[in-house]
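The structure appears right after this line, and notes come after that.
From a predicted model like this one, the values you see are computed outputs, not experimental measurements. In what follows, chains carry the letters A, B, and so on, assigned in the order in which the sequence lines appear, proteins first and then strands, with residues in each chain numbered from 1.
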Amino acid sequence: MKRRILFLTLAAIGILFVMPLLVMLVASFMGVKELTATYGGVLGADKEGVSFVLLPRCPTLRAYIELLFDSPGFFVMFWNSCKQVFPVLAGQLLVAVPAAWAFGQYEFKGKKVLYFVYMILMIMPFQVTMVSSYLVLSKTELLDTHWAVILPGVFSAFPVFILTKFFKSVPRALMEAARVDGATDLQIFLRIGLPLGYPGILSVMILGFLEYWNAIEQPMTFLQDKELWPLSLYLPQITADKMSVSFVASVVMMVPAVLIFVFGQKYLEEGIAASGLKG
Amino acid sequence: MRPQISSASRKPILRSKGKGGKRRNPAWRFLLPSLLGTSIFILIPFGDVVRRSFTEAFSGAFVGIENYKTVFANEAFTLAMKNTLRFLFICIPLLLVSSLVLSLAVGRMGRAKRVFQASFLIPMAVPVVSVVLFWQLVFDRGGYLNQILSVFGAQPIDWMNEDTAFGVLVFCYLWKNIGYFVVLWLAGLGAIPKSYYEAARVDGANGWKCFRYITLPQLVPTLFMVTILAFVNSFKVFREAYLIAGDYPHESIYLLQHLFNNWFASLDVQKMSTAAVVLAVVISALICVLLLLERKIGSED
């Protein structure tokens with residue numbers, strides 16, 4: 001009995017958590033008339049209040065078609081998002097993975113201090129480092145280019161921090177054995193480190209994607225030119241202009257992130273768990 | 001061959017020869033790109049930021065703590081600092097406790113555990129900008145929340161434009177983060193050896209006693225990192241605040257993040273530098289307190 005009450009409570013909370021997604025999804029299949037009738041009160045039409053609809057009365061793909069064929073702005077911004085997110089991830093692969101390998105597998109002078117610096121950098125909010133990054137970006141004339149968002153993202157401390165915990169669990173005896181067989185440090189990293197660390201690398205990539213697909217602060221600060229804005233920042237402007245596509249645009253923006261979540265949940269959870277490990 | 005390997009695993013022999021016969025640790029080669037980038041984009045310019053916080057904007061002359069006096073006398077700054085601290089001290093404990101309770105409940109669910117975990121975690125995957133519309137539907141004057149409350153005879157409230165805006169922000173933060181922290185706690189809970197509980201059961205300990213004397217103390221090491229992550233994520237609540245309420249929201253949720261943005265818009269580098277230094281110092285102090293607390297609790301065990 002007690003267990004059943006607990007189950008039902010959890011189920012209710014679970015539904016509450018998924019509710020926003022469901023409402024958005026349902027609304028994305030509505031026609032303009034139904035949208036206005038249901039949500040017009042909030043979205044600007046002269047109507048009082050919103051009503052709750054479980055399923056659209058006459059579901060239509062009209063809004064999707066309008067978004068895909070009649071909203072060039074949406075594509076530009078979607079593309080901008082891709083141009084910023086994937087280079088950040090690629091850069092993190094090249095920069096953060098080797099750095100984490102060094103922290104996880106080697107002993108060297110100043111390691112503790114350096115790792116502590118990375119931890120502090122991970123903790124500091126964007127606002128602390130934004131002036132510093134701005135000064136460099138403006139001196140190198142990278143402001144108002146995609147690089148202004150990409151470069152500071154590549155050197156984020158968070159992936160180094162999480163990956164170090166994954167690489168620490170690779171037994172060092174493996175590296176010693178390979179060295180006895182005459183492997184160089186680089187070969188060991190490529191042939192042992194990467195294959196054994198790939199769950200960690202995957203989870204860092206997933207966490208990174210979710211973070212930068214959702215970027216607001218960085219593009220808002222470093223990109224004055226709205227033509228360069230990613231979808232995560234520009235979407236409200238699309239929805240303000242065209243109520244008919246507002247829900248569809250939100251849903252399409254959500255789809256890549258939710259897909260990655262569904263297929264990568266295992267790695268995502270491993271990454272989260274690793275971020276909670278001490279040391 | 002064997003004994004050689006095992007003795008080597010203790011002492012690093014991982015050195016290659018650098019220039020001039022000097023032995024250089026190969027670790028630096030792996031670290032170099034990251035160190036270089038971090039120095040160029042963050043560490044070195046932050047030194048410049050510290051310098052600017054002590055100088056005048058145009059002449060560049062040293063002015064001592066003049067900038068700090070200006071910043072601390074600034075009403076927007078004190079309001080934003082106050083709001084941000086209030087948000088942190090309310091949100092972080094609330095998040096930690098509610099996610100711990102949920103993780104204890106989810107942990108007992110057996111087969112349904114994965115489904116619950118997924119449904120709590122999915123908000124962290126959803127871009128803020130995608131759900132902003134939904135929050136507007138809920139918290140608008142004519143929105144769902146007021147409609148539900150009107151059943152009980154409550155007067156409609158414009159949630160985002162009154163003191164209640166703070167509560168809305170707390171709610172959005174919890175919605176987005178609880179799943180992440182349930183996973184964190186579950187990892188911590190999973191690391192507690194089952195034998196502890198079995199032994200306690202044999203001694204006749206009930207559920208509450210097990211929680212109080214086994215679970216809680218065993219979670220202390222997890223608590224440190226979990227608190228830090230809750231702090232890190234709490235600064236990102238600006239996304240919700242900004243997308244729902246814009247540059248100048250209701251004053252109960254005017255946060256440091258808004259202030260930085262607005263100073264940035266007027267390119268007030270001196271003020272921003274000073275405030276960044278103040279923020280960095282305050283956060284470092286908070287981390288030190290946490291570290292000390294952790295040491296103290298750890299040494300008591």
Side-chain angles (χ1 to χ4, degrees), chain A residues 6 10 14 17-18 20-21 23-24 39 41-42 48-50 95-96 98-99 101-102 106-108 121 123-125 127-133 135-136 151-152 154-155 160 172-173 176-177 180 185 210 213-214 216 221 232 235-236 246 250 253-254 257-258 261 265 269 272-273 275-276 278, chain B residues 5 8-9 12 14 25-27 30-31 33-34 37-38 40-42 45-46 48-49 105 116 118-120 122-123 125-131 133-134 136-137 140 142-144 147 180 183-184 187 221-222 224-226 228-229 232 235 239 243 256-257 260 264 272-273 276 279-280 283 287:
Chain A
L6 196 64
L10 281 179
F17 269 70
V18 189
L21 311 194
V23 171
M24 305 290 291
Y39 303 119
V42 173
E48 284 269 302
V50 294
V95 172
W101 178 249
Y106 290 90
E107 296 302 330
F108 52 92
L121 286 180
I123 297 170
M124 286 299 164
Q127 285 72 26
V128 169
T129 50
M130 81 185 233
V131 197
S132 324
S133 302
L135 293 174
V136 177
L151 286 174
V154 167
F155 299 111
V160 179
R172 290 202 191 177
E176 310 302 343
V180 171
D185 288 276
L210 296 179
W213 192 249
N214 191 13
I216 306 263
T221 325
S232 47
L235 203 65
S246 54
S250 300
M253 164 95 210
M254 205 186 296
V258 171
F261 172 82
Q265 199 195 339
E269 284 173 10
I272 294 173
S275 70
K278 244 199 81 192
Chain B
I5 298 169
S9 68
L14 341 158
N25 195 319
F30 288 108
L31 264 175
S34 174
T38 311
I40 293 172
F41 280 94
I42 300 165
F46 194 74
D48 191 34
V49 165
F116 284 129
S119 62
F120 295 150
I122 203 163
V126 175
V128 176
V129 78
S130 288
V131 280
L133 260 181
F134 180 79
Q136 284 166 348
L137 295 181
D140 191 85
Y144 289 132
Q147 291 190 359
Y180 193 109
V183 174
L184 282 174
T222 315
F224 172 70
M225 267 321 288
V226 171
I228 287 200
L229 289 167
V232 171
F235 264 81
R239 296 171 177 175
L243 289 175
L256 279 173
Q257 297 90 307
F260 271 88
F264 190 82
M272 270 199 303
S273 301
L279 193 54
I283 292 171
I287 296 170

Given heavy-atom pairs under 4.5 angstrom as the criterion, report whether the side chain, backbone, both or neither of B:Phe46 touches chain A. both
Relative to chain A, which segment of B:Phe116 carries a heavy atom at a distance below 4.5 Å: side chain, backbone, both, or neither? side chain
Residue part contacting chain B, namely of A:Ser275, when any heavy atom lies under 4.5 Å: both
What closest approach, in Å, do A:Ala257 and B:Pro127 show between heavy atoms, and which atom pair accounts for it? CB-CD, 4.2 Å
Verify, without hydrogens or angle tests, whether B:Gln257 (side chain) and B:Phe235 (backbone) share a donor-acceptor contact under 3.5 angstrom. yes
Please tell me if the side chains of A:Val136 and A:Pro152 come closer than 4.5 Å, counting only heavy atoms from C-beta onward. no
Strictly distance-based, threshold 3.5 Å: is any side-chain N or O of A:Ser232 a donor or acceptor partner for the main-chain N or O of A:Asn214? no
If you count heavy-atom pairs under 4.5 Å between each of A:Ile272, A:Leu210, A:Val131 and chain B, which one has the most? A:Ile272
Which heavy-atom pair separates B:Ser119 from A:Val18 by the least distance, and what is that distance? CB-CG2, 3.7 Å
Please classify the contact between B:Val128 and chain A as side chain, backbone, both or neither, with a heavy-atom cut-off of under 4.5 Å. both
What part of B:Leu184 is in contact with chain A, defined as an atom under 4.5 angstrom from a non-hydrogen atom: side chain, backbone, both or neither? both
Is chain B contacted by the side chain of A:Gln265, its backbone, both, or neither, given a heavy-atom distance below 4.5 Å? side chain
Which bit of A:Met24 is near chain B, if near means a heavy-atom gap under 4.5 Å: side chain, backbone, both or neither? side chain
Counting only N and O atoms by type, is there a donor-acceptor contact under 3.5 Å from the side chain of B:Asn25 to the main-chain atoms of A:Glu107? yes
Taking every heavy atom of B:Ser34 against every heavy atom of A:Phe155, the minimum-distance pair comes out as O-CD2, 4.2 Å
Within a strict 4.5 Å, meaning less than it, do heavy atoms of the B:Phe260 and B:Leu279 side chains meet? yes
Please state whether the side chain, the backbone, both or neither of A:Ala96 comes within less than 4.5 Å of a heavy atom of chain B. neither
Among A:Val258, A:Thr221, A:Leu121, which residue forms the greatest number of heavy-atom pairs with chain B at distances under 4.5 Å? A:Thr221
With a 4.5 angstrom heavy-atom cut-off, which part of B:Ile122 approaches chain A: side chain, backbone, both or neither? both
Could you look at A:Leu135 and say if it's the side chain, the backbone, both or neither that has a heavy atom under 4.5 Å from chain B? side chain
Ranking B:Ser273, B:Ala105, B:Ala187, B:Pro123 by heavy-atom pairs under 4.5 Å to chain A gives rank one to B:Ala105
Please find the pair of heavy atoms, one from B:Leu243 and one from A:Pro236, that lie closest to each other, and give the distance. CD2-CG, 3.9 Å
Whether the side chain of A:Trp213 engages the backbone of A:Met253 through a donor-acceptor N/O pair (distance < 3.5 Å, no angle test) should be reported. yes
Between chain A and each of B:Gly37, B:Ala118, B:Ala276, B:Pro221, count heavy-atom pairs under 4.5 Å; write down the option with the most. B:Gly37
Heavy-atom distances under 4.5 Å only: say whether A:Val128 touches chain B with side chain, backbone, both or neither. both
Pair count under 4.5 Å, heavy atoms only, with chain A: among B:Val131, B:Leu229, B:Thr222, highest is B:Leu229
Find the one option among A:Leu235, A:Thr129, A:Ile123 whose heavy-atom pairs under 4.5 Å with chain B are most numerous. A:Ile123
Minimum heavy-atom separation for B:Phe120 to A:Leu10, with atom names? CZ-CD2, 3.9 Å
